[in-house]
There are 2 protein chains.
Amino acid sequence: MVKSHSQPSLSGIPEPHSESMTGIDLPFFHILAPASREAFLQSVQMVRFPRNHFIFQPEQIARHAYFVLKGAIRQFTLADGKEVVTRLVIEGGFSTAFYSFISQKPCFEYCQTLEEVEAISLSRREMERLCAEHIDIANLERKITEQYLIQEQERALSLQFLSAQERYEQLFKQDASILLRFPLGTIASYLGMSQETLSRLRAKNI
Amino acid sequence: MVKSHSQPSLSGIPEPHSESMTGIDLPFFHILAPASREAFLQSVQMVRFPRNHFIFQPEQIARHAYFVLKGAIRQFTLADGKEVVTRLVIEGGFSTAFYSFISQKPCFEYCQTLEEVEAISLSRREMERLCAEHIDIANLERKITEQYLIQEQERALSLQFLSAQERYEQLFKQDASILLRFPLGTIASYLGMSQETLSRLRAKNI
DNA sequence: AAAAACATTTGATGTAGGTCAAAAAGTATG
DNA sequence: CATACTTTTTGACCTACATCAAATGTTTTT
């Protein structure tokens, strides 16, 4: 268990820059009834994390999920001292340690900002309260979870039977913007291959 | 796209043996309010599929999800004529082509019974209706989806960085009963390795 | 119970992609 | 702008696992 990152800030508790949310307009907002929208806004906060900040670390419980408005986050675990990247998040995506956020048990992954991040934060506790009181929020959360289920399923499938080359091409087609935002080693790990292999693939395909 | 299975029955529409559901007690039932429980029972049906029946096939839309009470199901796709097993379901699990069920777009997987199957069937349409009307059902479905999200995430992670040996051991620990219900080739494919490799692993570990 | 069909094992061989090491390119810092 | 640090590339070599093929074992059918 080696930490190989420069100056991690370890708090994990995003207090410093929290701001009012009045007037924010989110992509999934139009689905909600006005009352639900109002309640939702009451429950979330704007947060800002500096570059290279660790939002979560193993052993902590992921009490919040973040909807990223700006910046880039990578999530990873350590396996025999090697980083295994589990998720890459940029604008428009949710970042949290899903297992921990869902079960409220200690997480096993790191969640690190690579750029300054601006996000909307919702705690699991508030999420449960909102879902218990607002049926449209419960269904919105259900739909979002469904989308992530599909995404994880696709990821598993591509790791199961695509070659390194094919996995790279797939990411290139689906999400080329990701390739520009993260260092090569990070993308390689996310794709389940070594850095050297990804570098060679890239050279071959120009 | 080669079909390599004996006598698939292709209907996909489970009419033959549907039965009344009065008095059924499901594991997740106690969470629901009596009214929701009642509505739920009104919406589901008991179905039975014979051995080697294809519940779904590619191009079809998965209009139902099945909660398996008895029997075993394997789901797979064909990639260059080779079967890639995506999901193994026995008693207590849900079987559906998640992508298709969620999006109501054509599915890409086969869903085949290996034994006679007895299941509770819920259509996507009814599910949406129930979730729109009963907040506790919406939250129950959310929780179930969350569990499957975690499961898929674990599967992706193990395919990403565990060796064939380790993946086998993990399945052995977590779900040994699966190993007894499905043929070796099916399990090997599910674990992302060749049949021969799994056979050799098993021989080594006695 | 013999024949056919299917599932598993075992052996020989090939290869995609891993690891290690060093060079080259790019970026940050005093 | 020169030094240090990080990231990416390139090359040589190696290994885990795939593929192919044949033998053995097991279940189903007649």
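All values derive from a computational prediction rather than experimental measurement.
- In this structure, A:R74 atom CZ and D:dT7 atom C1' are separated by 13 Å, rounded to whole Å.
- Of the residues near DNA chain C, B:F182 and A:M193, the one whose nearest nucleotide (by heavy atom distance) lies more toward the 5' end is B:F182.
- Contact record, B:F182 with B:A72: CZ-CB, 3.8 Å, taken as the closest heavy-atom pair.
- Between the C1' atom of C:dG17 and the CZ atom of B:F161 lies a distance of 18 Å, rounded to the nearest Å.
- The CD-P distance, from A:E166 to C:dA16, rounds to 12 Å in whole Å.
- Between the OH atom of A:Y168 and the P atom of D:dT8 there is a distance of 12 Å, given to the nearest Å.
- Protein atom CD of A:E83 is 13 Å distant from nucleotide atom P of D:dT6, rounded to whole Å.
- Side-chain atoms of B:R167 come within 3.5 Å of backbone N or O of B:L162 as a donor-acceptor pair.
- Distance B:L201 CG to D:dA16 P: 12 Å, rounded to the nearest Å.
- Rounded to an integer number of Å, the gap from B:Q160 CD to C:dG18 C1' is 15 Å.
- At least one test fails for A:R87 against the ring of A:F94: distance under 6.0 Å to the centre or angle within 45° of the axis.
- In this structure, B:K82 does not reach the D:dA18 phosphate: none of its side-chain N or O atoms is under 4.0 Å from OP1 or OP2.
- Between the side chain of B:T113 and the main chain of B:I73, no donor-acceptor pair closer than 3.5 Å is present.
- Without hydrogens or angle criteria, A:S121 side chain to A:M46 main chain gives no donor-acceptor distance under 3.5 Å.
- For A:T96 (side chain) and A:H64 (main-chain N/O), a donor-acceptor pair under 3.5 Å exists by modelled atom type.
- Cation-pi contact between A:R202 and A:F172: absent, since separation from the ring centre below 6.0 Å together with deviation from the ring axis within 45° is not met.
- In this structure, B:L162 places its CG atom 10 Å from P of D:dC17, rounding to the nearest Å.
- The aromatic rings of A:Y99 and A:F108 lie tilted to each other, with the angle between the two planes from 30° to 60°.
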Polar atoms only, N or O, under 3.5 Å: list the protein pairs with nucleotides 9-12 of chain C and their distances.
unit_1	atom_1	unit_2	atom_2	d
C:dT9	OP1	B:R202	NH2	3.2
C:dT9	OP2	B:S199	OG	2.8
C:dT9	OP2	B:R202	NH2	3.1
C:dT9	O5'	B:S199	OG	3.2
C:dG11	N7	B:R200	NH1	2.8
C:dG11	O6	B:R200	NH2	3.4

Polar pairs (N or O, both sides) under 3.5 Å between protein and nucleotides 23-28 of chain D?
none

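- Shown here for A:F40 and A:I137, the closest heavy-atom pair between the two residues is CB-CD1, 4.4 Å.
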